[in-house]
Chemist: 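Below are the C-alpha cells for one structure; questions will follow.
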Number of protein chains: 2
Amino acid sequence: MNIREIAKKADVSIATVSRVLNNSENVSSSTREKVLEILKKYEFEMDPWAKRLASKRNVTHVFIMVSRRILRFLDLKGKEFYSVVVNGIQNAANMNRSVTKIVEMETNLDEEKLKGVDGVLLVGGDTTAEHVRFFKKIGMPLVLVDQYIPTVKVDCVVSNGYDGASYAVKYLISQHFKKIVHIHGFLNHFGFKDRYNGYVATMEQNNLLPKDYEYNDEVMEDMKPLMDKMFNIYGVPEAIFASNDSIAMKVIETLMSFHIKVPEDVSVIGFDGIEKGKHFTPSLSTLKVPMHEMGSLALKRLIDIVYNQDVYPVKISLFTEFIKRGSSI
Amino acid sequence: MNIREIAKKADVSIATVSRVLNNSENVSSSTREKVLEILKKYEFEMDPWAKRLASKRNVTHVFIMVSRRILRFLDLKGKEFYSVVVNGIQNAANMNRSVTKIVEMETNLDEEKLKGVDGVLLVGGDTTAEHVRFFKKIGMPLVLVDQYIPTVKVDCVVSNGYDGASYAVKYLISQHFKKIVHIHGFLNHFGFKDRYNGYVATMEQNNLLPKDYEYNDEVMEDMKPLMDKMFNIYGVPEAIFASNDSIAMKVIETLMSFHIKVPEDVSVIGFDGIEKGKHFTPSLSTLKVPMHEMGSLALKRLIDIVYNQDVYPVKISLFTEFIKRGSSI
DNA sequence: TTTCTTTTTGTAACCGCTTACATAATAACA
DNA sequence: TGTTATTATGTAAGCGGTTACAAAAAGAAA
C-alpha cells in the first residue's frame, strides 16, 4: 500500500495525497476529508525512507548550540572532545543534506533567531532543563548531546559512563589494586556523575572503600593541594581513576611533581580517549568514547525526529572501549 | 556527490559503480580498481536512504527469538507486555519490507537454522551473554529487546527503569509517604535490577530507608507469607512500589485478603502499563513503558545495522510515563 | 456574461540507488 | 577462423515519496 494506491482509491492524484499527508494548505476540505478517510481505512503509513529521499531537495537547517565555555575552546580542526563530536555532527549532516550552524547557547533564548531552523542540537554538559523546556514549548525538534537530564523527557545521546567506569574499576581490581581513588569534575554534570556512580557502585560491590575528590577541571588550577590532602588523609593510592583525560593528565603531572612514578607507583586511567592522551608521557590508559559517532548519531536522531515526528524520546548511550596504554599496569 | 557523478568520473555506468559498491561478482578487476580509486579520491559515501528504498525489493529476514517461558504466554492478539512488543516489531517490519518469524530461543543454538536470516532480535529478560556471544561469533546482526547485559557490548532497546522507579518514589514522597516498600522479581533480570536501583537510590537520597522483598513472579505463588513477614518485621507500609504490574496486582489482591484497603490504607504503584491494569479494581497506577515503540525501535535499529553496518553498538532506553490511577493517592 | 484572480488539482520530473534485461566483449571450443 | 558459451558492462525501469509547474475550477469584479 503506497501513496499511488491511496490516490487511486480516493480518486485523486498522488500530489493531492501527499499534500494531505503533509498538511499542506491548498487542499479543499472536501477532498481532504475524502483522502483522510481512505488513509484511515487502509491504515496507511508513509515509507520514511522514500520520504527522506524525496525531500532531499530541501535541506534541513540545524543549529548546533554550545555553551560559551565550550565554544571558546572549540577548534573544528582539533581533536579535543567536543571538536570531534561537532565534526561527527557535520559529517552526518553532509550525508543528510543538512546545513549546520554553530551558535552560542544563550540563557535568554529568542524565538526570533530560530526562524527557518528545523532542529536543534544542544551540545555539552552545560545544557539545563530550562533550555530544554524553552525548545519544547515552541515545538522545536531537539536532541541533547553528551548531556542527560533525568527530570526532562527529551532525546539525548550520551556515553555509557557508568559501565565504562565500572569496567575501569574492575580492571584495576583484577590487577590486585585495592586503594583506588576517583578524581572527578563537578558532579552536576551528568557525564561526571554517571562515571562517579559507576565507580562507587563497583567499588562497593567488591567490598572496597570508594574515595573520591572533586577537582575543578575548568580553571585547571594547581592540583597539589588536593593531592596533599589526599596523601595526608588517605595515603598514596595504588590507582587513580579520573573523570576524564584532561584531569587524568593533570593527575599524572602532579604525581610526578611529587616524584611518584606512573605507572610503577600509581596506575592512572582516564576517560574520553582524546588524541592528546595518546601522545602524552606516559601515554594515557583510558576509556574511549566514540565521539565522532556520538555527533553523527545525534544528528541522525534529530533528522528522524524532524521528518518522522517520532513521538517517544529516547536516551541513546554509546559503549566505551578500554584502551590500555602506558599510564596503567 | 552521488553514484552518477562517480560513474562519470570513472567513465563507467552507474550500474558498474553500484556493483563495485556492493562487492558484486561480475566486475573485471581492472574496472573495479578504477572505480575504487575514484571512490576513495572523492571519499564517496552512499546515501543510506536511497539504498534502502531501492533495495526494497529484497526483503530482510529477521528472527524474533524468545525464551520458552515467554513463548508460552505469547498471545499475538493479546495486550500482555511481550505481545505488544512483538506486535511493535511486526508492525515496523511491515513498514520495512521485512519478514519476521518467531522462534524459540534455545540453549543449543545451531547455525544451520539461521540460513537466510539477515538479523535477529532477542526478546526478553532471559537472554544471556552466551546467546549474544554465539550470534556475534557468526557475525549475525543482533539487537536485544528489553534486556541489557553490561558485560557484553551489543545493541539493545530497554525501558528506563531507573528513572521510572525514581519518579515513582519521588511521587510517593511528595504525597508525604515515608514507609515505601519495593516488591520485585528476580534481580538477575536487568529490568528488575534497574528499577530496584532507582528505588534504592531515590529512597536514600531522601534519607528514607529502602526496604525490599523479592517475589517469584513466574510461578505466581501465594504472596501471603511474604506479606506476613513484612508486616511482622517492618509493619504495614504506607506505599508499595512493585517491579511490574503483575506483581502490583498480586500485591493488591493480597493486601485485600488482609482487609487492607487500596489506596486508602496503602498506595500501590506498578510498572509497565499493561492493559489489564487499567481494568483492574482498583485501577492500577503505573509507569507506562512504550512497549509497542520498544519493538519497533528494535526492528528499526536492526535494519540500520543490517544495511548500514553501523559499527558502534548503542543502548537505547525509552522513557516511561507515570499514569496515576485508582491504586494510589 | 465576460474577464481576471485566486484556489485547487494533476502531470511529470526528480531524489540516489538497485537490478532485470539487453548488449558488448572476451574466452572456449570445434 | 567461425561459432558458441561466458563474463563484463550499459540501459532503463523502478523503489515511494515531493514539488515545480501547468491546467482546471471556483470566486470576484466588471
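What you see below is based on every heavy atom in this structure, not just the backbone, and it leaves out hydrogens, waters and symmetry mates. Below, chains carry the letters A, B, ... as their sequence lines are ordered, and counting in each starts from 1.
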Chemist: Does dG10(D) have OP1 or OP2 under 4.0 Å away from a side-chain N or O of Ser13(B)?
Modeler: yes
Chemist: For dT8(C), does OP1 or OP2 lie under 4.0 Å from any side-chain N or O of Asn26(A)?
Modeler: yes
Chemist: List for me each residue that meets side-chain hydrogen bond (donor to acceptor under 3.5 Å, both in side chains) alongside Ser67(A), sequence neighbours excluded, and say none if there are none.
Modeler: Asp126(A)
Chemist: Taking C-beta and beyond as the side chain, do Arg301(A) and Val314(A) meet within less than 4.5 Å on heavy atoms?
Modeler: yes
Chemist: Quick check on DNA chain C: between Ser18(B) and Val12(A), whose nearest nucleotide comes earlier from the 5' end?
Modeler: Val12(A)
Chemist: So what does Ile14(A) hit on the nucleic acid, given a heavy-atom distance under 4.0 Å: a base, only sugar-phosphate, or nothing?
Modeler: base
Chemist: Which residues pass the side-chain contact (heavy atoms from CB on, under 4.5 Å) test with Phe134(B), not counting sequence neighbours?
Modeler: Leu109(B), Leu114(B), Ile138(B)
Chemist: Measure the distance from NZ on Lys51(B) to C1' on dG16(D) and round it to the nearest whole Å.
Modeler: 18 Å
Chemist: I need the full list of salt bridge (Lys or Arg N to Asp or Glu O under 4.0 Å) pairs touching residues 82-91 of chain B, with sequence neighbours left out, sorted by first then second residue.
Modeler: none
Chemist: Per the salt bridge (Lys or Arg N to Asp or Glu O under 4.0 Å) rule, what does the pair list look like for residues 133-146 of chain B, sequence neighbours excluded?
Modeler: Glu130(B)-Arg133(B)
Chemist: Looking at every strand, decide which applies to Thr16(B) at a 4.0 Å heavy-atom threshold: base, sugar-phosphate, or nothing.
Modeler: sugar-phosphate
Chemist: Calculate the interatomic distance between Arg19(B) atom CZ and dC17(C) atom C1'; express it in whole Å.
Modeler: 13 Å
Chemist: Angle, rounded to 10°, between the helical axes spanning five pairs at each terminus of the helix from dT1(C)-dA30(D) to dA30(C)-dT1(D)?
Modeler: 40°
Chemist: Using the side-chain hydrogen bond (donor to acceptor under 3.5 Å, both in side chains) criterion, which residues pair with Ser29(B)? Sequence neighbours excluded.
Modeler: none
Chemist: Could you give the CD-to-P distance, from Glu25(B) to dT9(D), as a whole number of Å?
Modeler: 13 Å
Chemist: Would you please name every residue forming a side-chain contact (heavy atoms from CB on, under 4.5 Å) with Lys101(A), sequence neighbours left out?
Modeler: Phe63(A), Val103(A)
Chemist: Report the distance from atom CE of Met46(A) to atom P of dG17(D), rounded to the nearest whole Å.
Modeler: 7 Å
Chemist: Which residues in residues 2-11 of chain B have at least one heavy atom lying under 4.0 Å from any atom of DNA chain C?
Modeler: Asn2(B), Ile3(B), Arg4(B)
Chemist: Side chains of Asp163(A) and Thr320(A), heavy atoms from C-beta outward: is any pair under 4.5 Å?
Modeler: no
Chemist: Nearest whole angstrom, please: distance from the C1' of dG17(D) to the CZ of Arg52(B).
Modeler: 15 Å
Chemist: Please list, in numerical order, the residues of residues 27-44 of chain A that have a heavy atom closer than 4.0 Å to any atom of DNA chain C.
Modeler: Val27(A), Ser28(A), Thr31(A)
Chemist: Answer with yes or no whether the side chains of Asn22(A) and Lys51(A) bring together a donor and an acceptor at under 3.5 Å.
Modeler: yes
Chemist: Can you list the residues that meet the side-chain contact (heavy atoms from CB on, under 4.5 Å) rule with Glu112(A), with sequence neighbours excluded?
Modeler: Asp110(A), Lys115(A)
Chemist: Distance check needed: dC15(D) P versus Leu53(A) CG, whole Å only.
Modeler: 14 Å
Chemist: Just to verify, what does Asn87(A) make a side-chain hydrogen bond (donor to acceptor under 3.5 Å, both in side chains) with, not counting sequence neighbours?
Modeler: none
Chemist: Within the structure shown, what part of the strands sits under 4.0 Å from Val17(A) by heavy-atom distance: base, sugar-phosphate, or nothing?
Modeler: nothing
Chemist: Once side-chain hydrogen bond (donor to acceptor under 3.5 Å, both in side chains) is applied, do any residues pair with Ser13(A), and if so which ones, sequence neighbours excluded?
Modeler: Thr16(A)
Chemist: If I take atom CG in residue Asp47(B) and atom P in nucleotide dC15(D), what distance separates them, rounded to the nearest angstrom?
Modeler: 18 Å
Chemist: Mapping Ala15(B) and Ala50(B) onto DNA chain D by nearest heavy atom, which one lands closer to the 5' end?
Modeler: Ala15(B)
Chemist: Rounded to whole angstroms, how far apart are CG on Asn22(A) and P on dG17(D)?
Modeler: 11 Å
